[in-house]
Student: 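Sharing a structure here in structure tokens format.
Lettering follows sequence order; numbering is per chain, from 1.
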Amino acid sequence: MLEIKNLHVEVAGQKILKGIDLTINAGEVHAIMGPNGSGKSTLSYAICGKDGYEVTEGSITYKGKNFLELEANERAAEGAFLGFQYPVEIPGVSNMNFLKTAVNSIRKYKGEDEMAPVEFLKLVRAKAAELEMDPEMLKRAVNVGFSGGEKKRNEMVQMAVLDPGFSVLDETDSGLDIDALRVVADGINRMRAPEKSILVITHYQRLLDYVVPDFVHVLADGKIVKSGDKSLAMELEKQGYGHLGIDENAA
Amino acid sequence: MVSTLETRQTVEEVAGDYKYGFVTDIEMVKAPKGLNEDVIRFISAKKEEPEWLLDWRLKSYQKWLKMEEPEWAMLNYVKPDFQDIYYYAAPKSADDRPKSLDEVDPELLATYEKLGISLQEQKVLSGVAVDVVFDSVSVATTFRETLKEKGVIFCSISEAARDYPELMQKYLGSVVPVADNFYAALNSAVFTDGTFVYIPKGVRCPMELSTYFRINEANTGQFERTLIIADDESYVSYLEGCTAPMRDENQLHAAVVEIVMLENAEVKYSTVQNWYPGDKDGKGGIYNFVTKRAACRGTNSKVSWTQVETGSAITWKYPSCILQGDGSVGEFYSVAITNNYQQADTGTKMIHIGKNTSSTIISKGISAGKAQNIYRGLVKVMPNAENTRNFTQCDSLLIGDECGAHTVPYIEAKNPTAQVEHEATTSKISDEQLFYCLQRGLDVEEAVSLIVNGFCKEVMQQLPMEFAVEAQKLLGISLEGSVG
């Protein structure tokens with residue numbers, strides 16, 4: 001599914017990622033952990049094609065497509081979804097309108113007709129209900145005046161509606177209370193399927209109590225320094241990053 | 001803002017992509033170039049005007065000669081050479097004055113079809129009557145018979161001068177006096193055509209009325225004049241649209257619109273202004289110097305201006321409300337978009353004279369490229385205007401870092417019971433907002449259009465349905481290529 005080879009990324013001339021190798025197969029959930037400034041968010045932006053994140057070396061391929069040749073919106077249409085750490089507000093644009101535009105943009109990219117309005121409405125309402133979102137929220141402007149938990153729930157609803165083949169969740173759990181954390185975990189677990197892959201980026205182990213990963217990688221100073229299974233996350237929880245010889249304040 | 005090479009290339013491809021920029025090849029009758037009393041007599045004679053109107057024009061001309069072009073607006077442009085302009089240009093076929101739509105020159109009908117405006121009544125969107133003005137003359141007016149049954153007069157202002165002299169003499173220049181300002185005086189001297197509307201007492205106009213203005217001829221100014229009179233207890237919704245060919249030289253458009261509302265009357269006036277804005281290097285484009293004013297003379301009368309300004313190289317326009325009748329209401333909803341080298345200095349004046357009058361101003365300015373966008377507004381409360389209220393909100397949105405947005409509000413409250421509120425914000429389309437949209441599958445143009453339409457929502461929802469969809473698309477088109 002997703003194959004990252006020897007990925008080097010610079011931001012504003014500064015080397016952030018220094019040779020990442022990562023393969024995520026269909027049906028797998030991987031977790032990336034690491035201290036602040038280790039390059040976790042940079043990895044998610046580089047995969048999804050944000051402007052200013054310059055790949056200087058290496059490759060990213062998804063389902064055989066060279067992602068580095070595609071614009072951010074094309075990568076999204078190919079099936080890559082990024083759950084943001086800080087979802088932005090878009091005043092005056094309702095959640096419903098935003099989602100409809102997104103769904104139809106992706107269909108247009110694939111050469112499909114627009115989704116019938118009734119069908120779309122049904123889909124969104126069903127996904128909102130599954131994730132226990134108040135239907136009134138769908139009429140409100142995207143993330144405007146939403147609490148931290150509501151924003152993250154909104155990300156999960158968007159993910160459910162767009163139904164991506166590959167999802168990367170960038171510290172989607174940060175700053176959430178336990179109820180909101182459960183919502184996020186529930187959203188991610190609903191995406192688990194034999195044909196889908198998921199990458200969870202997190203600073204803390206606690207999300208992984210709810211979303212049990214198949215593999216855990218530790219990122220430090222732009223490189224994956226250790227890989228393992230769920231037990232690696234437990235080990236980090238108990239002993240800290242220092243135990244691996246990583247400076248917690250490397251940034 | 002970080003921009004990729006690709007998006008910059010898209011910018012170059014779409015900038016100057018103005019789909020109304022074609023020229024109609026048609027035989028024209030013109031007045032000699034330049035402005036003098038003979039030219040004014042020529043125009044008046046062409047229109048077969050009554051003597052009083054010629055006198056009125058000549059007096060306006062004398063006043064204009066003594067006036068100076070205003071310089072207080074934040075606009076940089078080469079002042080027009082008033083002797084290098086044709087003040088009258090009309091299709092030769094219009095000389096015979098077509099009696100019905102069947103007699104209108106097919107070339108003109110084709111031009112309007114191309115602009116998306118059908119003049120065949122059976123094809124027209126249900127419930128919209130159209131008057132079309134091509135350079136200096138009105139070439140067709142639809143649905144006039146249907147409207148006549150209700151007593152509604154909807155015709156060109158030239159016809160009104162001949163057929164309804166009493167209404168014309170009573171109201172022409174009563175809202176915008178001839179010497180009101182430099183451009184209004186010029187218009188009063190040389191106005192060529194425009195629309196006249198009279199809604200009789202107690203009538204709710206059964207359809208939307210609209211005028212479509214087209215400048216076609218080169219080196220020609222368009223000086224249209226519109227007069228709308230809403231008698232007691234009447235209502236009308238009026239729309240105007242405008243386009244012009246792409247030309248390298250600047251062309252002058254100096255219009256005057258006057259609206260009079262009597263007791264309990266209501267007028268909703270909507271504009272989608274899409275004059276040619278010039279190319280991406282700022283060459284060509286229309287100079288749009290317009291005086292629009294509504295007088296709420298009757299108690300509890302109401303006027304609502306909604307404008308979507310996307311075109312013109314220079315816009316100088318302040319649709320205003322004189323709230324004279326007690327309890328009268330004035331509203332101004334504006335979206336002004338400037339891209340490339342466009343400059344817009346636009347806003348409104350709310351003059352509170354009557355008691356319990358109220359006004360609302362919602363202005364959304366969007367600036368991209370190297371453009372400048374200025375909101376200029378006056379809220380004035382006269383000493384006897386008890387218990388007046390005003391709410392003003394001015395929001396500016398910047399796209400890129402080479403454009404500017406400015407807000408210049410003037411507030412003069414001479415009555416202590418007045419409540420005047422002003423709110424203003426300035427924001428940018430952020431990289432984060434754009435990436436968020438892109439990551440969900442929207443392309444750059446879709447993302448900008450969505451964000452801008454969201455920003456303008458409060459104004460766009462004031463537009464009549466038929467207009468709203470077009471206007472939404474226009475916002476997107478006007479900003480195409482503005483983001484990298």
Student: Please answer whether the main-chain N or O of Leu82(A) pairs with a side-chain N or O of Arg440(B) as donor and acceptor at a distance below 3.5 Å.
Tutor: yes
Student: Could you check if a side-chain atom of Tyr53(A) sits within less than 4.5 angstrom of a side-chain atom of Phe435(B), using non-hydrogen atoms only?
Tutor: no
Student: Contact part of Cys437(B) toward chain A, heavy-atom cut-off under 4.5 Å: side chain, backbone, both or neither?
Tutor: both
Student: Tell me if the NZ atom of Lys268(B) is crowded by more than 12 foreign heavy atoms within 6.0 Å.
Tutor: yes
Student: A quick test of your reading: do over 12 heavy atoms of other residues, nucleotides or ligands sit less than 6.0 Å from CD of Glu195(A)?
Tutor: yes
Student: Between Gln439(B) and Phe84(A), is any pair of side-chain heavy atoms under 4.5 Å apart?
Tutor: yes
Student: Is any side-chain heavy atom of Ile451(B) closer than 4.5 Å to a side-chain heavy atom of Ile90(A)?
Tutor: yes
Student: If I compare all heavy atoms of Asn73(A) with all of Leu442(B), which pair ends up nearest, and what's the gap?
Tutor: CB-O, 3.0 Å
Student: Within a radius of less than 6.0 Å around CZ of Arg389(B), do more than 12 heavy atoms belonging to other residues, nucleotides or ligands occur?
Tutor: no
Student: For chain B, which residues from residues 99-135 of chain A have at least one heavy atom closer than 4.5 Å to it?
Tutor: Thr101(A), Ala102(A), Ser105(A), Ile106(A), Lys108(A)
Student: Test of understanding: with salt bridge (Lys or Arg N to Asp or Glu O under 4.0 Å), list the residues that count as partners of Lys139(A), not counting sequence neighbours.
Tutor: Glu136(A)
Student: So which part of Pro164(A) gets closer than 4.5 Å to some heavy atom of chain B, the side chain, the backbone, both or neither?
Tutor: neither
Student: Would a distance-only check, ignoring hydrogens and angles, find a side-chain to backbone donor-acceptor pair under 3.5 Å from Glu89(A) to Gln433(B)?
Tutor: no
Student: Quick check on Phe455(B) against chain A: is it the side chain, the backbone, both or neither that has a heavy atom closer than 4.5 Å?
Tutor: backbone
Student: Do Glu71(A) and Leu438(B) come within less than 4.5 Å of each other through their side chains, counting heavy atoms only?
Tutor: no
Student: Is it the backbone or the side chain of Gln158(A) that comes under 4.5 Å from a heavy atom of chain B, or both, or neither?
Tutor: side chain
Student: Quick one: closest heavy-atom pair of Ala76(A) and Gly441(B), and the distance?
Tutor: CB-N, 3.6 Å
